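A quick write-up on the structure given underneath.
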Amino acid sequence: MILEMVRANGAVSLRELARVVQTSEVTVRRDVRALEAEGLLDRRHGGAVLPGGFTRESGFPQKSHLATAEKTAIADLAAGLVGEGEAIVVGAGTTTQELARRLARVPGLTVVTNSLLVAQALAHANRVEVVMTGGTLRGSNYALVGSGAEQSLQGLRVSKAFLSGSGLTAERGLSTSNMLSASVDRALVQAAAEVVVLADHTKLGTDTMFQTVPTELITRLVTDEPPGHDDRAGTELQALADQGVQIAVAGASGGAAGQGSPGGDAGPARQQRRDVPLPGPRRQVPGTAPGLRPAASLGDQGTGPEQRARVADLRRR
């Protein structure tokens with residue numbers, strides 16, 4: 001049944017596999033490991049893909065069913081970074097599409113995008129102006145790519161770029177499996193004063209073929225709380241923080257982040273926030289959106305029991 005699901009969808013999360021086969025994620029993980037040893041599928045962080053997944057990119061229908069609750073929580077939190085009257089760019093992806101649905105309520109907003117899905121989500125928002133790039137339509141993710149898209153972004157300057165991708169590592173930054181998509185994403189980055197990456201925990205520690213945003217250019221990462229057993233994602237988050245990336249962690253309803261996370265904000269997905277402290281400022285980031293405080297240095301956490309416990313927890317992660 002696991003093989004049938006992977007072959008039908010291209011990529012499936014462990015959580016979804018466990019739900020369908022009605023067993024625990026621990027059992028599914030063991031089965032996936034055994035199937036990988038036989039060369040029948042490849043394990044990816046938080047899920048399984050068809051063999052050769054390093055160079056393969058799943059289509060939109062497959063991606064839209066992966067980590068849906070996590071993407072919703074991430075979009076809820078990321079929307080708080082956008083203020084009235086701003087001009088931003090939003091790249092292609094299922095997570096950025098979720099963000100666009102929430103941006104429809106921001107008055108005076110201008111959104112530049114190469115994604116038909118992002119534009120569609122904002123099409124009926126009468127207080128939001130949508131500017132589409134030119135380019136050639138890439139049907140697998142409904143995005144405009146190629147020289148036409150890149151040239152239309154030349155000379156553009158906006159406050160923030162919101163991007164997603166196929167993988168994110170502290171060593172290499174954000175990456176994707178398609179060369180044309182990567183090239184357009186790099187052009188979007190060049191147009192923005194700040195770069196905000198939206199990536200759920202299944203993408204943390206995953207590296208794909210084409211780098212889009214090196215770590216040093218990422219201002220903020222908005223992600224979800226990794227499962228307690230996911231040491232790889234926790235280690236990657238700390239490594240990103242060590243390199244100066246501001247990190248905000250959103251928890252989906254009923255997820256791990258929703259259990260005892262301090263400072264949670266009420267929202268449609270009962271989103272919670274946990275900001276990972278940074279070891280020191282890397283750059284001056286203008287302004288801070290409501291509900292997202294700047295990450296502080298570990299040295300600024302004080303010496304009380306509460307602060308020492310928080311620092312110890314972060315080091316374990």
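If you read the sequence from its start, that first residue is 1, and numbering goes on from there. Computed from a predicted structure; not experimentally measured.
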Would R19 and R15 satisfy side-chain contact (heavy atoms from CB on, under 4.5 Å), going step by step from the backbone distance to the final call?
CA-CA 6 Å; R19 185 188 66 81; R15 182 175 301 174; 5.9 Å; no
Greater than 12 external heavy atoms within 6.0 Å of E36's CD:
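Enclosed.
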If you apply the rule side-chain contact (heavy atoms from CB on, under 4.5 Å), what do you find for I88 with L103, and how did you get there?
CA-CA 11 Å; I88 63 173; L103 295 180; 3.7 Å; yes
Any idea which heavy atoms bring [X] and [Y] closest together, and the distance?
X    : Y    : value
V118 : T96  : CG2-O, 4.0 Å
V32  : R43  : CG1-CG, 3.1 Å
A241 : I247 : N-CD1, 3.8 Å
R186 : T212 : CG-O, 3.2 Å
L122 : A100 : CD2-O, 3.2 Å
F210 : A182 : CB-CB, 3.6 Å

S183 and E150: side-chain donor and acceptor closer than 3.5 Å?
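The answer is yes; a qualifying pair exists.
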Are R102 and D76 close enough that some pair of their side-chain heavy atoms sits under 4.5 Å apart?
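Yes, their side chains come closer than 4.5 Å.
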With a 4.5 Å heavy-atom cut-off, do T27 and R30 have their side chains touching?
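In short, these two side chains touch, coming nearer than 4.5 Å.
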Checking S152 now: which residues fulfil side chain to side chain donor-acceptor pair (under 3.5 Å) with it, not counting sequence neighbours?
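Counting only residues at least two positions away or on another chain, S152 forms no side chain to side chain donor-acceptor pair (under 3.5 Å).
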So, using side chain to side chain donor-acceptor pair (under 3.5 Å) as the criterion, who are the partners of R101 when residues are at least two apart?
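Partners of R101 by the side chain to side chain donor-acceptor pair (under 3.5 Å) criterion, ordered by chain and then number, come out as E98.
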side-chain hydrogen bond (donor to acceptor under 3.5 Å, both in side chains) with K71: which of D224, T95, T94, D200?
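With K71 as partner, D224, T95, T94, D200 yield a single side-chain hydrogen bond (donor to acceptor under 3.5 Å, both in side chains), made by T94.
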Between [X] (side chain) and [Y] (backbone), is there a donor-acceptor pair under 3.5 Å?
X    : Y    : result
S175 : T208 : yes
Q211 : R172 : yes
N114 : L144 : yes
R127 : L109 : no

Taking atom [atom1] of [X] and atom [atom2] of [Y], what is their separation to the nearest 0.5 Å?
X    : Y    : atom1 : atom2 : value
L240 : T235 : CG    : OG1   : 11.0 Å
Q97  : L116 : CD    : CG    : 10.5 Å
T113 : M132 : OG1   : CE    : 6.0 Å
T133 : Q151 : OG1   : CD    : 11.5 Å
I2   : L41  : CD1   : CG    : 8.0 Å
R220 : E194 : CZ    : CD    : 4.5 Å

If two hydrophobic side chains count as joined below 4.5 Å and joins carry through other members, does L14 share a cluster with M1?
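Yes; M1 is reachable from L14 via cluster members.
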Should K203 and S164 be marked as a side-chain contact (heavy atoms from CB on, under 4.5 Å) after you check the CA-CA gap, both sets of side-chain angles, and the distance that decides it?
CA-CA 10 Å; K203 297 176 182 177; S164 187; 3.2 Å; yes
Which of these, L198, I218, V213, sits in a side chain to side chain contact (heavy atoms under 4.5 Å, CB included) with L168?
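When L198, I218, V213 are each tested with L168, the side chain to side chain contact (heavy atoms under 4.5 Å, CB included) holds only for I218.
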Of V131, V89, V130, the residue whose pairing with T110 passes side chain to side chain contact (heavy atoms under 4.5 Å, CB included)
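Of all the options given, the one that passes is V131.
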Chi angles and distances behind the side-chain contact (heavy atoms from CB on, under 4.5 Å) call for T169, E236:
CA-CA 7 Å; T169 65; E236 206 68 50; 3.7 Å; yes
For N178 and T176, what are the C-alpha separation, side-chain angles and deciding distance, and is it a side chain to side chain donor-acceptor pair (under 3.5 Å)?
CA-CA 6 Å; N178 182 267; T176 188; over 6 Å; no
Solution key, residues 153-162 side-chain donor-acceptor pairs under 3.5 Å, sequence neighbours excluded:
| unit_1 | atom_1 | unit_2 | atom_2 | d |
| --- | --- | --- | --- | --- |
| R157 | NH1 | Q190 | O | 3.3 |
| R157 | NH1 | A192 | O | 3.3 |
| S159 | OG | E86 | OE1 | 2.5 |
| S159 | OG | A87 | O | 3.1 |
| K160 | NZ | L81 | O | 3.3 |
| K160 | NZ | E86 | OE1 | 2.8 |
| K160 | NZ | E86 | OE2 | 3.3 |

